[in-house]
There are 2 protein chains.
Amino acid sequence: MKSPLEKARDAPDSTKARTLKVARRIFGEYGFHGTTTRMIAQESGVDISTLYYHWGDKADLYEAVVTDIDEDLRLQLRRVEERVAGRTLAERLDIAIDEMTDYLLVHPEVSNLVLLRYFAKTRAEPITDLRVPSFVSSIARAMKLAEKDEPVSPEARMQVLAIMNAIYNFVSGQEFFQSVVGVDRDRYVTLTKETLKFIFIPAFAGEKSFVSMTNRKEA
Amino acid sequence: MKSPLEKARDAPDSTKARTLKVARRIFGEYGFHGTTTRMIAQESGVDISTLYYHWGDKADLYEAVVTDIDEDLRLQLRRVEERVAGRTLAERLDIAIDEMTDYLLVHPEVSNLVLLRYFAKTRAEPITDLRVPSFVSSIARAMKLAEKDEPVSPEARMQVLAIMNAIYNFVSGQEFFQSVVGVDRDRYVTLTKETLKFIFIPAFAGEKSFVSMTNRKEA
DNA sequence: CAATGTTTCCAACAAATGATGGAGAAAAGA
DNA sequence: TCTTTTCTCCATCATTTGTTGGAAACATTG
């Protein structure tokens, strides 16, 4: 038995699948309260009541979007994980930054939605949780910041969050930051990757990187 | 002749000043569309029409909030700049991270509002621009990422944005990230500072930091 | 084909929300 | 004190927004 969400994924041309895709984009751009059901219906070329027929009320649709995005992100993280297996830490970071940046630039609503859930409250808190905690652990393990079968330390979790957030920020803030930096889109993408590597590779794979974080008092 | 905003700042107990303060907080928590004028009025203990009397319509009030926050942030950046003058780059980073983190934790609506303006569209785009571009340049100069009277390079701008965003994210995402990391608030604050230093000090002041990212002028 | 189930749209409603006019209270100025 | 100005609230309005009932169109099954 398939869940409604899985059904929508199966038939990508169906009205239901199309409305979900549009909802992802618009919720990602305007946030929960900035999005109206009419905006989604109109962009989908569908009557508003059709939306309610398929997805229930606005909060239900939003939950479906969050679940859908979480699943996409999980798959993408797994792909990257496979791609970097067996490499050195510096190489893994290099590849992961490239791949995640490229992926998110094609699906900006993913990072948009994640960031908005981090930073903006909704008046009636939605029920669905992001699967960020499990993603963070799995990335920390892939980076060998934790031993297999050992719990991932708070330090390692914070470091993973810092990396993920830095990528999300540059992707979702593209429009704004591009104008601050004063470059065109291609250059911005290149600069994003270069900057991320410039910052993170020394910290995790530089010469001093095995001096543990907590013992490091000076600099 | 004083602007209305300056007047509100002068008399911190006035209704007008109080409503602005409440508006800062609520716009920061819920974003523009997630905030209703009634929420602000109620939290301020004031009738809704009093709000309109003082500030004009919702967009006008929002603009006043943005301007107000921009000014606070500018002052804080200047304070930090003075505090770190004459030190080494590693020390400057160390101090700046501590100071900015502490400041933003006391005024979380500042980073909330900035981040929401980066990442969330509003249906009717507000007119006021954040003064981020000028802040970025001035920080880059303070970090000696650019020579005096020379334009600040795109590379340097990106690096400054990365630092600012990392701090903003950990402060504004505190509630969410704290639960991901599984620590109490005090520990989270400590971890935030440690993680930021762990990441940024090697990149900018570590041994390999003079291998230029492109053609970064060093200190 | 007939009958049944599914999908879509039109029209409408109720609540929430942004906004205002006007009366009175409070403060400032004469 | 009287007058004028500033401020606050109550009542109300118009629009937007979330949501639904029901009829028609379409598809599926017997």
Side-chain angles (χ1 to χ4, degrees), chain A residues 1-23 26-27 29-65 120-127, chain B residues 1-23 26-27 29-65 120-127:
Chain A
M1 182 59 187
K2 306 205 166 206
S3 73
L5 216 91
E6 286 168 324
K7 261 170 84 182
R9 283 170 162 260
D10 285 344
D13 292 336
S14 68
T15 295
K16 188 166 184 181
R18 188 158 32 85
T19 51
L20 183 65
K21 220 173 147 190
V22 171
I26 302 194
F27 275 128
E29 283 181 27
Y30 296 91
F32 183 77
H33 292 296
T35 299
T36 70
T37 49
R38 277 174 179 80
M39 286 164 71
I40 299 172
Q42 208 157 341
E43 284 277 308
S44 310
V46 150
D47 186 87
I48 187 177
S49 54
T50 304
L51 214 63
Y52 282 86
Y53 170 77
H54 283 298
W55 297 109
D57 68 20
K58 188 185 176 184
D60 290 337
L61 173 54
Y62 182 68
E63 277 197 46
V65 165
K121 281 190 189 165
T122 48
R123 271 172 260 153
E125 214 63 39
I127 314 113
Chain B
M1 182 58 185
K2 306 207 165 205
S3 75
L5 215 91
E6 287 167 324
K7 261 172 81 181
R9 282 172 161 261
D10 284 343
D13 292 336
S14 68
T15 295
K16 187 166 183 181
R18 189 158 31 88
T19 52
L20 182 65
K21 221 172 144 191
V22 171
I26 302 197
F27 275 129
E29 283 181 27
Y30 296 92
F32 182 77
H33 292 295
T35 299
T36 70
T37 49
R38 279 172 178 81
M39 287 165 70
I40 298 172
Q42 207 157 343
E43 284 276 309
S44 310
V46 150
D47 187 87
I48 187 176
S49 54
T50 303
L51 214 62
Y52 283 88
Y53 170 77
H54 283 298
W55 298 108
D57 68 19
K58 188 185 175 183
D60 291 336
L61 173 52
Y62 182 69
E63 276 195 46
V65 164
K121 280 188 192 168
T122 48
R123 269 172 262 155
E125 214 63 39
I127 315 114

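Worth saying up front: this structure is predicted, and the values here are computed from it rather than measured. The figures here come from the full heavy-atom set of this structure, side chains too, leaving out hydrogens, waters and symmetry mates. In what follows, chains carry the letters A, B, and so on, assigned in the order in which the sequence lines appear, proteins first and then strands, with residues in each chain numbered from 1.
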Checklist entry - Do the numbers put A:Lys58 on top of the ring of A:Phe32, so that NZ or CZ is under 6.0 Å from the six-membered ring centre and no more than 45° off the axis? => result yes

Checklist entry - Whole Å only: how far is the CH2 atom of A:Trp55 from the C1' atom of D:dG18? => result 18 Å

Checklist entry - So which heavy atom on A:Lys16 is nearest to which on A:Thr19, and how close? => result O-OG1, 2.7 Å

Checklist entry - Which parts of nucleotides 23-28 of chain D does protein reach within less than 4.0 Å, heavy atoms only, written one letter per nucleotide 5' to 3' as B for base, S for sugar-phosphate only and - for none? => result ------

Next on the checklist: With a 4.0 Å limit, can you tell me whether B:Tyr53 has a side-chain N or O closer than that to the phosphate oxygens OP1/OP2 of D:dC7?
Outcome noted: yes

Checklist entry - Does A:Gly34 offer a backbone N or O that forms a donor-acceptor pair with the side chain of B:Arg123 under 3.5 Å? => result yes

Checklist outcome for this item: d(B:Thr37 OG1, B:Ile48 CD1) to nearest 0.5 Å is 3.5 Å

Checklist entry - What string of B, S and - do you get for nucleotides 11-25 of chain C 5' to 3' if you count protein non-hydrogen atoms under 4.0 Å? => result -B----BBBBB----

Checklist entry - Rounded to the nearest 0.5 Å, how far does CD of B:Glu43 lie from CD1 of B:Ile26? => result 4.5 Å

Next on the checklist: On a heavy-atom basis, which atom in B:Lys121 and which in B:His33 lie closest, and how many Å separate them?
Outcome noted: O-CD2, 4.4 Å

Item to check | Shortest non-hydrogen contact between B:Leu20 and B:Leu61, atoms and distance | outcome: CD1-CD1, 4.3 Å

Next on the checklist: What is the separation between atom NE2 on B:His54 and atom P on D:dC7, rounded to the nearest whole Å?
Outcome noted: 6 Å

Next on the checklist: Rounding to an integer number of Å, can you tell me how far A:Lys16 NZ sits from C:dC9 P?
Outcome noted: 16 Å

Item to check | B:Val22 versus B:Ile40, closest heavy-atom pair with distance | outcome: CG1-O, 3.8 Å

